Amino acid sequence: MNNNIVANLNRVKASINPSCTLIAVSKTKPSSNIAACYEAGHLDFGENKVQELAKKASELPKDIRWHMIGHLQRNKVKYIAPFVHLIHGVDSYRLLAEINKRAKNEQRTIACLLQVYIASEDTKFGFDEAEILDMLSSKEFNDLSHVKISGLMGMASNTSDKQKIRQEFNGLKRLYDKLQHKTHPLLNIEILSMGMSGDYQLAIEEGSNMVRIGSAIFGARN
Ligand SMILES: *Cc1c(COP(=O)(O)O)cnc(C)c1O
């Protein structure tokens with residue numbers, strides 16, 4: 001079982017450019033699966049539930065870089081603030097302000113990605129471009145001191161229409177390029193997190209430099 005997982009991990013790694021960061025999405029999978037990947041040298045893991053993330057972090061080596069990739073509720077930020085490496089799903093100013101507050105308590109700065117809504121499905125979270133630009137130029141944004149905006153994250157529509165997926169990723173890349181030209185002390189735009197098991201090759205072709213891959217490594221989830 002764990003041998004297969006490590007073989008999958010290495011196969012996925014070999015299929016992406018080394019400059020693209022691979023997040024192994026271990027949600028619903030046991031810590032033993034993560035430990036096998038860690039022993040094979042992998043350090044970046046993604047989870048989408050706070051409790052599961054905190055539990056696994058407590059059981060596993062401290063140099064693992066934990067990525068919170070799911071929808072994050074404000075009242076749960078405190079449980080991951082002491083250790084989380086990158087929060088991918090920031091979808092409101094209020095969430096960002098809470099992350100800032102908890103990071104300050106921990107005397108650290110937490111790196112965040114703004115989640116952008118790119119799919120044509122109404123179940124997904126995220127900002128649109130105008131909302132991001134508004135927030136970045138707002139007075140409240142300047143009050144933040146312990147967060148860093150490191151880039152953008154998006155999820156394409158769950159469809160077999162490759163052209164559509166490509167267009168959605170391309171739209172996110174264009175916004176990413178635009179933000180890279182903005183200067184603000186809280187902005188350090190260098191991560192474009194897009195691409196999952198089914199669409200990561202397309203995402204990389206459209207400019208992704210961070211992919212979040214679960215089932216292609218750990219197998220199907222229940
Ligand atoms: C589950 C999840 C993934 C990984 O999905 P796979 O299709 O299993 O690769 C990536 N990103 C987010 C936000 C997820 O929730």
Side-chain angles (χ1 to χ4, degrees), residues 1 4-16 20-31 33-34 36-37 42-57 64-73 76-77 80 84-92 95 99 111-127 150-162 164-166 168-169 172-173 176 191-222:
M1 178 68 190
N4 286 342
I5 289 170
V6 170
N8 292 342
L9 173 73
N10 288 332
R11 189 163 30 74
V12 170
K13 250 184 203 165
S15 74
I16 66 178
C20 181
T21 303
L22 169 63
I23 313 302
V25 176
S26 45
K27 62 191 189 195
T28 79
K29 301 297 178 180
S31 290
N33 289 177
I34 300 172
C37 295
H42 195 73
L43 292 179
D44 289 280
F45 295 90
E47 292 282 338
N48 70 339
K49 295 216 162 70
V50 164
Q51 261 160 331
E52 188 176 344
L53 171 48
K55 181 169 186 291
K56 287 174 175 172
I64 286 181
R65 296 188 287 257
W66 292 103
H67 296 251
M68 176 61 198
I69 62 168
H71 182 61
L72 178 56
Q73 289 171 303
K76 296 194 175 159
V77 174
I80 58 172
V84 69
H85 179 69
L86 180 64
I87 298 179
H88 290 233
V90 175
D91 60 354
S92 72
L95 175 58
I99 295 168
C112 297
L113 304 181
L114 301 179
Q115 184 168 355
V116 184
Y117 179 83
I118 57 172
S120 54
E121 293 160 355
D122 45 38
T123 53
K124 290 193 177 140
F125 299 96
F127 290 99
S150 301
L152 301 177
M153 179 271 224
M155 274 186 277
S157 296
N158 185 10
T159 171
S160 57
D161 182 346
K162 289 193 171 163
K164 185 173 165 58
I165 294 171
R166 197 181 278 285
E168 291 172 355
F169 285 147
L172 188 57
K173 173 65 161 65
Y176 173 80
I191 298 173
L192 181 55
S193 169
M194 58 183 196
M196 324 198 330
S197 293
D199 58 17
Y200 74 92
Q201 296 293 4
L202 283 175
I204 291 170
E205 284 168 29
E206 295 302 329
S208 171
N209 60 22
M210 186 173 276
V211 292
R212 310 175 309 271
I213 299 184
S215 45
I217 296 171
F218 297 102
R221 289 178 295 272
N222 294 327

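In listed order, ligands and their atoms are each counted from 1. What you are looking at is a predicted structure, and each value in this text was computed from that prediction instead of being measured. Along the sequence shown, residues carry numbers from 1.
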Mind checking what makes side-chain hydrogen bond (donor to acceptor under 3.5 Å, both in side chains) contact with Gln51, not counting sequence neighbours? none
Give me the atom names and distance for the closest heavy-atom approach of Met155 to Met153. CE-CE, 4.4 Å
Over 12 non-hydrogen atoms of neighbours within 6.0 angstrom of NZ in Lys13: yes
By side-chain hydrogen bond (donor to acceptor under 3.5 Å, both in side chains) - contacts of Asp44 (at least two apart): Arg65, His67
Contact table ligand 1 N or O to protein N or O, d under 3.5 Å:
| residue | atom | partner | partner atom | Å |
| --- | --- | --- | --- | --- |
| ligand 1 | 8 (O) | Ser215 | N | 2.8 |
| ligand 1 | 8 (O) | Ser215 | OG | 2.9 |
| ligand 1 | 8 (O) | Arg221 | NH1 | 2.8 |
| ligand 1 | 8 (O) | Arg221 | NH2 | 3.1 |
| ligand 1 | 9 (O) | Ser197 | N | 2.9 |
| ligand 1 | 9 (O) | Ser197 | OG | 2.5 |
| ligand 1 | 9 (O) | Gly214 | N | 2.8 |
| ligand 1 | 11 (N) | Arg212 | NE | 2.9 |
| ligand 1 | 15 (O) | Lys27 | NZ | 2.7 |

For the side-chain contact (heavy atoms from CB on, under 4.5 Å) test, which of Val25, Asn4, Leu9, Val6 pairs with Ile217? Leu9
List the residues meeting ring-ring contact (aromatic ring centres under 6.0 Å, His included) with Phe218, not counting sequence neighbours, and say none if there are none. none
